[in-house]
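All figures in this text were calculated on a predicted structure; none of them were measured in a lab. Both counts, for ligands and for their atoms, begin at 1 and track the order of listing.
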Amino acid sequence: MPLIYPPSDFEDNRTLLKEFCERHNKFDQRIVLITSGGTTVPLEHNTVRFVDNFSAGTRGAASAEYFLEHEYNVIFMHRLKSLEPFTRHFNGQKFMDMLELNDRGPNTTITVKPDSVDVLAPILASYKAAQEGGRILYINFTSVSDYFWLLRAACECLAAYGPRALLYLAAAVSDFYVPSNQLPVHKLQSGAGVPNINLQLVPKLLAPLVSLWVPHAYVVSFKLETDESILIPKSRESLNKYKHKLVIGNMLQTRRSKVVFVTLDSSYELGLSREQMLNGMEIDDTIVSNVVLNHTDFLQNHKY
Ligand code: 9Z3
């Protein structure tokens, strides 16, 4: 993995992570590291083109809001320009449509339309509370290599929390990459013919993360599949291999309405009915409540 060169803003992010973790590490405070969004795989050092994936970061951004509600301090490590907690509700034109321009001219004022106040007010209140309490730290990555550097740096800081740290690895991290020494420096030229792109397997960081970096933390990973018949077997395979606590399996097609919680000795499905979805409920709320219950249970039974 091209871990030789850290991203240019790496030291700044490391300082932010360190300060955030130290500031909140008192009494019984819990902390969650959420990874969110996809990662890019650059095809050139001066990157014009890259391989990407579908993830918009909805799962991670929504879950961050619910973890804050459960009194966790949150490190939100996300793909640059993917969805973020709170602002995700006003993506695209939604925000503009909530506003009204009054008295165009020198005395222009802007107000929130009365029927939008009910939507905006609770989200704004939660956003302000999280900001004012300094309870959420936003850190962003773009490429799979940036992601790895930051993940390791975050774990270095989280280790001090022992079992009070929860890792919620929801980012869709690329399984393939082009090694740094095989990347052309400059933009691939079409005149040079069809490029021969040789993708290699990305090493799974879950192995050192679980056994070395945060050995006492509660680690949850996500497993995404498109073939339902392999979802639970693959999730269990991951648990057996990496020895973490929980895999949350989801299908690309149904990830907004159902997931399966897989542990070494059990699996159970969580889902939303059509009616619940029409009422605006989010599966992420249910997922987070259940993860928090499992984490609480783990904390109560934890022995160093
Ligand atoms: C997930 O499975 C997430 O739930 C989604 C969320 C990426 C499906 P959205 O961004 O989607 O809300 O649209 N994340 C993990 C996916 C993944 O790549 N897992 C690896 C694997 O399946 C293991 S770490 O092999």
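K241 pairs by the salt bridge (Lys or Arg N to Asp or Glu O under 4.0 Å) definition with nothing, not counting sequence neighbours. Not counting sequence neighbours, E84 has no partner by the salt bridge (Lys or Arg N to Asp or Glu O under 4.0 Å) test.
With T39 contributing its side chain and S174 its backbone, the two residues share a donor-acceptor pair below 3.5 Å.
Around ligand 1 you find F54, S55, A56, G57, T58, R59, A170, A171, A172, V173, K204, F222, K223, L224, N250, R255, R256, each with a heavy-atom distance below 4.0 Å.
A salt bridge is absent between K234 and D227; no separation between the charged side-chain nitrogens and carboxylate oxygens falls under 4.0 Å.
With no hydrogens or angles considered, no side-chain donor-acceptor pair links D103 and T109 at under 3.5 Å.
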Quick one: side chains of residues 181-205, donor-acceptor pairs under 3.5 Å with protein atoms, not counting sequence neighbours, listed by atom name and distance.
{"unit_1": "Q189", "atom_1": "NE2", "unit_2": "K187", "atom_2": "O", "d": "3.4"}
{"unit_1": "K204", "atom_1": "NZ", "unit_2": "D175", "atom_2": "OD1", "d": "2.9"}

